[in-house]
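In what follows, a single structure is set out as structure tokens and then discussed.
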Amino acid sequence: MERLQKVIAHAGIASRRKAEEMILDGKVKVNGKIVKELGIKVSSSDRIEVEGIPVEKEEPVYFLFYKPRGVISSVHDEKGRKAVTDYFPQIKQRIYPVGRLDYDTSGLLLLTNDGEFANLLMHPRNEIEKEYIAKIKGIPSKEQVRSLEKGIMLEDGKTAPARAKMLSLDKRKGTSIVQLTIHEGRNRQVRRMFEAIDCPVMKLRRERYAFLTLHGLKAGEARELTAHEVKQLRVMAENS
């Protein structure tokens, strides 16, 4: 037996919090009857409907994907651009990305149909590290690199402390490669941080998410997370 909102979240329909709102709003039926109690538990034999649509209990799946540039972190796109889920035609479950990477950013992205897991990882209080490699215009000074680490004032507030490391520079071309490790997930945050020190990003790749890396994958390739990796991510998020 599992709580009703957890079953809805696991089916990939909504986050657990959103599922709770749907229950309270009378949008959920169990065995043909509207249920408005959050504490109710259901079994695999119970028939569940959300807004009139039967809930199919999907097996949870978890993927690590090397997102190429020029692909959107979405399930589909009105403009007809390629979406990350287009790389998983063989997967029957309704998977979606955990967070996002910009259209022009490549690198590590997780996809799942487990809404509870996705929301746990994305919650701002769960400080999961994300490491990026950025090719930037300009050669930042030590002071500029330190400012990235201390936190930069952006239009939506000051960024949290980060780690920054100069990997290489090309004086002739006036470019640098910098490794930046953050644990926030604001929109276009890394690009905005470099713009704030007058070193706009030319190319950006997410190399690491928590302990997960792109090792062994080429752009456009994916692998399933192991049960141990999924458990490790849960523990990290719950204990951070």
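- Geometric assessment of K67 against the ring of Y87 yields a negative cation-pi assignment under the 6.0 Å and 45° thresholds.
- A salt bridge does not link E221 to R223: none of the charged nitrogens lies less than 4.0 Å from a carboxylate oxygen.
- Side-chain atoms of T112 come within 3.5 Å of backbone N or O of V61 as a donor-acceptor pair.
- Between the side chain of T105 and the main chain of L204, no donor-acceptor pair closer than 3.5 Å is present.
- In this structure, R47 has no salt bridge (charged side-chain N to carboxylate O under 4.0 Å, His left out) partners at least two apart in sequence or on a different chain.
- Residues F65 and L121 do not share a hydrophobic cluster, defined by chaining ILVMFWY side chains whose heavy atoms lie under 4.5 Å apart.
- Distance alone, capped at 3.5 Å, is enough to place a donor-acceptor pair between the K130 side chain and the I128 backbone.
- For E49, there are no salt bridge (charged side-chain N to carboxylate O under 4.0 Å, His left out) partners, not counting sequence neighbours.
- The side-chain heavy atoms of I91 and N113, taken from C-beta on, include no pair separated by under 4.5 Å.
- Here the side chains of L64 and E229 are not in contact, with every heavy-atom distance at 4.5 Å or above.
- Applying the salt bridge (charged side-chain N to carboxylate O under 4.0 Å, His left out) criterion to R192, with sequence neighbours excluded, gives E155, D156.
- In this view, R206 satisfies the salt bridge (charged side-chain N to carboxylate O under 4.0 Å, His left out) rule with no residue, not counting sequence neighbours.
- Under a cut-off of 6.0 angstrom, the local environment of CD in E143 is crowded, with over 12 non-hydrogen atoms contributed by other residues, nucleotides or ligands.
- A 4.5 Å side-chain heavy-atom check between L108 and E207 finds every atom pair outside the cut-off.
- Across all their heavy atoms, M166 and P140 have their closest contact at SD-CG, 3.7 Å.
- The closest donor-acceptor contact from the side chain of S176 to the backbone of I136 lies at 3.5 Å or more, if one exists at all.
- A donor-acceptor pair is defined here as one N or O able to donate and one able to accept, closer than 3.5 Å; no such pair exists between the side chain of S106 and the backbone of R69.
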Let me have the donor-acceptor pairs involving side chains of residues 36-43, under 3.5 Å, with sequence neighbours excluded, atom names and distances please.
unit_1 : atom_1 : unit_2 : atom_2 : d
S43    : OG     : S45    : N      : 3.4
S43    : OG     : S45    : OG     : 2.9
S43    : OG     : D46    : OD2    : 3.4

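- The minimum heavy-atom distance linking I152 with M193 is given by the pair CD1-O, 3.7 Å.
- Contact annotation: the side chain of L233 never approaches that of Y62 to less than 4.5 Å [non-hydrogen atoms, C-beta and beyond].
- Tracing side-chain contacts under 4.5 Å through hydrophobic residues (I, L, V, M, F, W, Y), one reaches L148 starting from I182; they form part of the same cluster.
- Between G115 and N119, the closest heavy-atom pair is O-ND2, 2.7 Å.
- Each of Q179, E131, E129 was compared with R163 under the side-chain hydrogen bond (donor to acceptor under 3.5 Å, both in side chains) criterion, and only E129 meets it.
- M22 and L24 fall within the same hydrophobic cluster, defined by Ile, Leu, Val, Met, Phe, Trp and Tyr side-chain heavy atoms under 4.5 Å apart, directly or through other members.
- Applying the salt bridge (charged side-chain N to carboxylate O under 4.0 Å, His left out) test to residues at least two apart or on different chains, the pairs with a partner in residues 6-24 are E2-K6, R16-E116, K18-E21.
- L225 and L111 fall into different hydrophobic clusters, where Ile, Leu, Val, Met, Phe, Trp and Tyr are joined by side-chain heavy atoms under 4.5 Å apart, directly or via other members.
- Using a 4.5 Å heavy-atom threshold, the side chains of L4 and I48 count as touching.
- Side-chain contact between R205 and L214 is present, with heavy atoms from C-beta onward closer than 4.5 Å.
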